[in-house]
Amino acid sequence: MARSLSLVILLSVLLFSPAIYAGHDYRDALRKSIMFFEGQRSGKLPPDQRLRWRRDSALRDGSSAGVDLSGGYYDAGDNVKFGFPMAFTTTMLSWSIIDFGRTMGPEVRNAVKAVKWGTDYLLKATAIPGVVFVQVGDAYSDHNCWERPEDMDTLRTVYKIDRAHPGSDVAGETAAALAAASIVFRKRDPAYSRRLLDRATRVFAFANRYRGAYSNSLYHAVCPFYCDFNGYQDELLWGAAWLHKASRKRAYREFIVKNEVVLKAGDTINEFGWDNKHAGINVLISKEVLMGKAEYFESFKQNADAFICSILPGVSHPQVQYSRGGLLVKTGGSNMQHVTSLSFLLLAYSNYLSHAKKVVPCGELTASPALLRQVAKRQVDYILGDNPLGMSYMVGYGRRFPRRIHHRGSSVPSVSAHPARIGCKEGSRYFLSPNPNPNLLVGAVVGGPNVTDAFPDSRPYFVQSEPTTYINAPLVGLLGYFSAHSTWR
């Protein structure tokens, strides 16, 4: 008989926990995790903007190309609008609402607003057939300055993909974002939902017909910042999976089945983030298998099961580690992006398994849905302060949190505090200052500690101290669930 992993994981959790921690206010953390997106807004801010130290910025974005590309999100601590991570952020915010919106309470309204801020921009970026505007701002020029977005005078160069310069990766992710968001708005705003789905259909057709990686077409603009290291194939499957879920059209099902092997659905199964969608594809598609509706997708469920087994503590895998404090650690920058995205998949899959009354076989061991939820919750609790340093890695949550995050708008005095312009190099003194940031970017989750659980609360250590939209987006779903299910059952 297969042994349960529960004992193995429970022992791991106890060993990783240096102290007994008080419970967390997941509802408060949820509210703050969504508010963070208001601090990342570009364009003209609405009257209900809650982070009042921010002001309008980049209102003329797109004008050099004769289009309106104002709006959208700055991805992290700089002032560039990168379309690839912005689209992934929007997809994950939408998935968070689709799966966990019912338990978000009144905060679901703010989560929906965060999605719409992203989709309104993506609709602008895809307004011309056969073209997707994928970036606004010259990253080298921007990174050479330390200035708040309201003062920004760096190059706002517009970059696009088209038939002659393809980018199936960013176009496929954009199609996924629009399709996922169409589900969010299906009952809330049917006309807007139809518009999103129609646009997703068109963008996906473009991505599929004109195949190629956008980092080949726009290498000097997007690399090394958001280079497509993983290839565009996963984004085509990802886009098709969301279009299938949103439209229920047979053509997308057939595309997925036909292209599963060609587009490498089974590759790098324990990777999921803005560049690599493999684990997400398998978990998303597996829901239909577990509901008994799609036996033809069985191989995706097998991949999803393998993904689960590969990231659990107590099951050895060369690409996944756990720190002594219990944090999931993967190679590459900004580790919290892996923590939140992989934990989201654990939680989503646990719910699908629960409804189907299934478990995951991991060799001689089995993993129950309750166990997957425990592992995901342990990661969320680590972020909120249950760690060796006793530090919350969410700004504004708990008694101790990062004060010197790598973020231009947060670290430079606000317009209300310092109305005069602060120039490109003049802002360097704020970057180098040992003082805490003057503006609290509430809800921002930073890149976080390394495998030793150490964390330098210092702006120059950007890998650890910089927040990103794609760290927070999956966390919204996790917090939405645990705000209503806080006990380990």
Side-chain angles (χ1 to χ4, degrees), residues 40-45 56-76 78-90 116-145 147 149-178 181 195-196 198-207 209-228 232 235 274 408 424 469:
Q40 297 302 110
R41 285 171 170 169
S42 180
K44 186 169 183 57
L45 303 183
D56 298 346
S57 63
L59 298 179
R60 291 181 48 78
D61 274 1
S63 60
S64 62
V67 292
D68 175 15
L69 293 175
S70 60
Y73 291 113
Y74 303 118
D75 72 299
D78 54 17
N79 300 323
V80 182
K81 293 192 302 205
F82 293 100
F84 200 5
M86 193 194 306
F88 178 70
T89 293
T90 306
K116 193 170 187 296
W117 195 268
T119 52
D120 282 351
Y121 176 82
L122 294 177
L123 287 171
K124 292 180 179 182
T126 57
I128 301 173
V131 172
V132 179
F133 292 100
V134 299
Q135 184 174 315
V136 181
D138 178 274
Y140 291 98
S141 173
D142 179 90
H143 290 184
N144 189 47
C145 293
E147 58 186 353
E150 294 82 0
D151 288 334
M152 183 168 39
D153 57 358
T154 52
L155 294 172
R156 301 303 287 173
T157 312
V158 175
Y159 300 94
K160 67 179 181 179
I161 56 170
D162 54 28
R163 296 175 179 89
H165 309 89
S168 302
D169 32 28
V170 66
E173 182 61 68
T174 301
L178 295 167
R195 185 183 176 201
L196 292 171
D198 288 346
R199 187 65 57 83
T201 301
R202 190 177 84 191
V203 173
F204 179 79
F206 162 69
R209 182 172 182 181
Y210 300 97
R211 293 190 178 188
Y214 90 134
S215 48
N216 291 336
S217 300
L218 296 170
Y219 181 85
H220 294 291
V222 304
C223 295
F225 313 102
Y226 289 102
C227 228
D228 179 9
Y232 63 82
E235 277 80 27
W274 62 264
R408 287 158 175 78
C424 168
T469 58

I need the minimum non-hydrogen distance between Ala87 and Ala177, along with the two atoms involved.
O-CB, 3.4 Å

Student check: side-chain heavy atoms of Arg41 and Tyr73 closer than 4.5 Å:
yes

So, applying side chain to side chain contact (heavy atoms under 4.5 Å, CB included) with Tyr121, which one of Asp61, Val136, Asp68 is it?
Val136

Are the side chains of Tyr226 and Gln135 in touch, meaning some heavy atoms are under 4.5 Å apart?
no

Answer yes or no: is there a donor N or O on one side and an acceptor on the other, between the side chain of Arg199 and the main chain of Leu123, under 3.5 Å?
yes

If we ignore hydrogens and angles and just use 3.5 Å, is the side chain of Arg202 paired with the main-chain N or O of Thr126 as donor and acceptor?
yes

Determine whether a donor-acceptor pair (N or O, by modelled atom type, separation under 3.5 Å) exists between the side chain of Ser42 and the backbone of Ser70.
no

Here the gap from Asn79 atom CG to His143 atom NE2, rounded to the nearest 0.5 Å, amounts to 8.5 Å

Got Tyr74 and Ser57 here, is their nearest side-chain heavy-atom distance under 4.5 Å?
yes

Is the side chain of Asp56 donor-acceptor paired with the backbone N or O of Leu45 at a distance under 3.5 Å, no angle test?
yes

Indicate yes or no for a side-chain donor-acceptor contact from Lys81 to the backbone of Gly71 under 3.5 Å, with no hydrogens or angles considered.
yes

Would you say that Val134 contacts Leu218 through its side chain, given a criterion of any heavy-atom pair below 4.5 Å between the two side chains?
yes

Side-chain touch Asp153/Glu147, heavy atoms, less than 4.5 angstrom
yes

Taking the side chain as every heavy atom from C-beta outward, state whether Phe84 and Asp75 have any pair of such atoms under 4.5 Å apart.
no

Hey, are the side chains of Val170 and Tyr232 touching, using non-hydrogen atoms and a 4.5 Å cut-off?
no

With a 4.5 Å cut-off on side-chain heavy atoms, are Phe82 and Phe88 touching?
no

